[in-house]
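Working notes, structure below.
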Amino acid sequence: MKTLPSRRGVIPAGIAAALSLALAACGGGSGGGATAAPSAAAPSATAAVQDALSKPAELTFWTWVTGIEKTVARFTTKYPNIKVNVVNTGQSADQYTKLQTAIKAGSGAPDVAQIEYFALPQFALAKQVVNLADYGAAALKDKFADSAWGQVAINGGVYGVPQDTGPMAMFYRKDIFDKLKIKPPATWAEFVDAAKKIKAADSGSFITSIDPGDAGGVDSLIWQAGGAPFKTSGESSVSVKLDSDPGVKQWVGTMSTLLGEKLVDPQPGWTDEWWKGMGSGKYAVWLTGAWAPNGIINSIPKTKGKWAVAPMPQYDAAKPMNAENGGSSVAVIPQSKNIPAAVAFAQWLNSDPEAVKSLNTEAGLFPATKVLLDDPAFRDAPQEFFGGQKINQVLGDASAAVRPGWQYLPFQVYANSIFKDTVGQAIDSGGDLSAALKTWQDRISAFGTEQGFTLTSGG
């Protein structure tokens, strides 16, 4: 299990700046949510991928996933001619800095690298990852959840193989809810009511926290509210509508109430203080991705039996929608001296039934593949830590309910890097979220224009 969620919202400015140089160099872009069909692979390229499995090769794989070595070992046992060196280069932000440096230098990059969905469009735009459609990867589409495949299918190409996903769910303290006679809220209106009851019972407690630096978390909540504030058309046309998108406005209305009445706590996540609050019951709910169970189990083991999982609250219970919060792909880097072998490894690692089961059980990743998401043995397994609840049923249904069509910006890394200084300030101080979102939009748009994109916003 990773020590941090698969997608974090904060990317240091230095990393954003380094990646922006690649954008400026290519003078145009592509975003997620492609409408064009991936190009067909040449038969010779597809055959080369299969042939590579039987030929000697040495690959380097950059990742931050703890325990993934066990899955990689299964690959090398099955294909002993291929040696794979697994290198943990640090959490995603650190890895992206090192990867960018190696790419700029023209040497030292890995053959294969883990890249989160929110960052993938930027690497694809700069042609810093291989279009796997040229090697037959489009044939893998039906193996994956639609939401996962939608994040790697970019502007007519396939720029990574989905590895894990983070469909959102409501992890809640069942002991607190039972004590206060609160049912898991099915709607956001019920969520606000539950928050008031928790605050009334203990003025120092909150229904949940919100991280002022986590752009990814807010993006996910906007996605779940039906929002679609970022769109890319063609090679260079980008729209940013954080001030006018209906889903954004819906999220703003709910969060403004929760913040204004001090029902949620603006608190950076994943700190010792935050985990202490999670363990003590200061926070009764964690709205997050399906990767969360191992974090809870490993970080606050004394809360065993106190947690349960429920679907996300809905704005319209008759039309349930969900979103992803986190998730990564595995991409092939053009510097590789053995691209067919690298493609073969990336495909096996993330689509072979033995591999994806290992990624789940031995590396703690929530699956992106239908073969595991639909497996009764996976869905119906009781989880002792969660009081015997079959939580994968809830999480599997959450994956199926993810609303399609979400796009990240082709410079989302930069956008996330300035979130804390715009929207994050309003979250932290209880300020005007709408005004802060407009400021974020203006800075995003200015940056995009500087990089050669045609920006539209508002309206």
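For Ser147, the side-chain contact (heavy atoms from CB on, under 4.5 Å) test picks out Ala145, Glu324, Val402, with sequence neighbours left out. Remark: Ser299 engages Trp275 in a side-chain contact (heavy atoms from CB on, under 4.5 Å) (not counting sequence neighbours). Take Thr63 and apply the side-chain hydrogen bond (donor to acceptor under 3.5 Å, both in side chains) test, not counting sequence neighbours, and it matches Gln114. Among residues two or more places apart in sequence or in another chain, the side-chain contact (heavy atoms from CB on, under 4.5 Å) test is passed with Lys357 by Thr361. In this view, Thr89 and Trp62, Val87, Gln95, Lys98 satisfy the side-chain contact (heavy atoms from CB on, under 4.5 Å) rule, not counting sequence neighbours.
Checked for salt-bridge contact, Asp397 and Arg379 meet the test: a charged N lies under 4.0 Å from a carboxylate O.
Listed by first and then second residue, the ring-ring contact (aromatic ring centres under 6.0 Å, His included) pairs involving residues 198-219 amount to none (not counting sequence neighbours). For the salt bridge (Lys or Arg N to Asp or Glu O under 4.0 Å) condition, the pairs that include at least one residue of residues 266-282, sequence neighbours left out, are Asp265-Lys282. Residue pairs meeting the side-chain hydrogen bond (donor to acceptor under 3.5 Å, both in side chains) criterion with at least one member in residues 191-202, sequence neighbours excluded: Asp202-Ser205. The stretch residues 429-438 participates, sequence neighbours left out, in these side-chain hydrogen bond (donor to acceptor under 3.5 Å, both in side chains) pairs: Lys438-Asp442. Residue pairs meeting the ring-ring contact (aromatic ring centres under 6.0 Å, His included) criterion with at least one partner in residues 424-445, sequence neighbours excluded, are Phe419-Trp440. Identified under the salt bridge (Lys or Arg N to Asp or Glu O under 4.0 Å) test for residues 286-307, with sequence neighbours left out: Lys304-Glu384.
Using modelled atom types and a 3.5 Å distance limit, the side chains of Gln224 and Trp188 yield a donor-acceptor pair. Under 3.5 Å, the side chains of Gln151 and Tyr408 contain no donor-acceptor pair of N or O atoms. No side-chain donor-acceptor contact under 3.5 Å links Trp64 and Ser92.
With a 4.5 Å cut-off on side-chain heavy atoms, Lys370 and Asp146 count as touching.
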Please output the side-chain donor-acceptor pairs of residues 308-319 that fall under 3.5 Å, not counting sequence neighbours, one pair per line with the distance.
unit_1: Gln314; atom_1: OE1; unit_2: Met321; atom_2: N; d: 2.7
unit_1: Gln314; atom_1: NE2; unit_2: Met312; atom_2: O; d: 3.3
unit_1: Gln314; atom_1: NE2; unit_2: Met321; atom_2: O; d: 3.0
unit_1: Asp316; atom_1: OD1; unit_2: Ala318; atom_2: N; d: 3.0

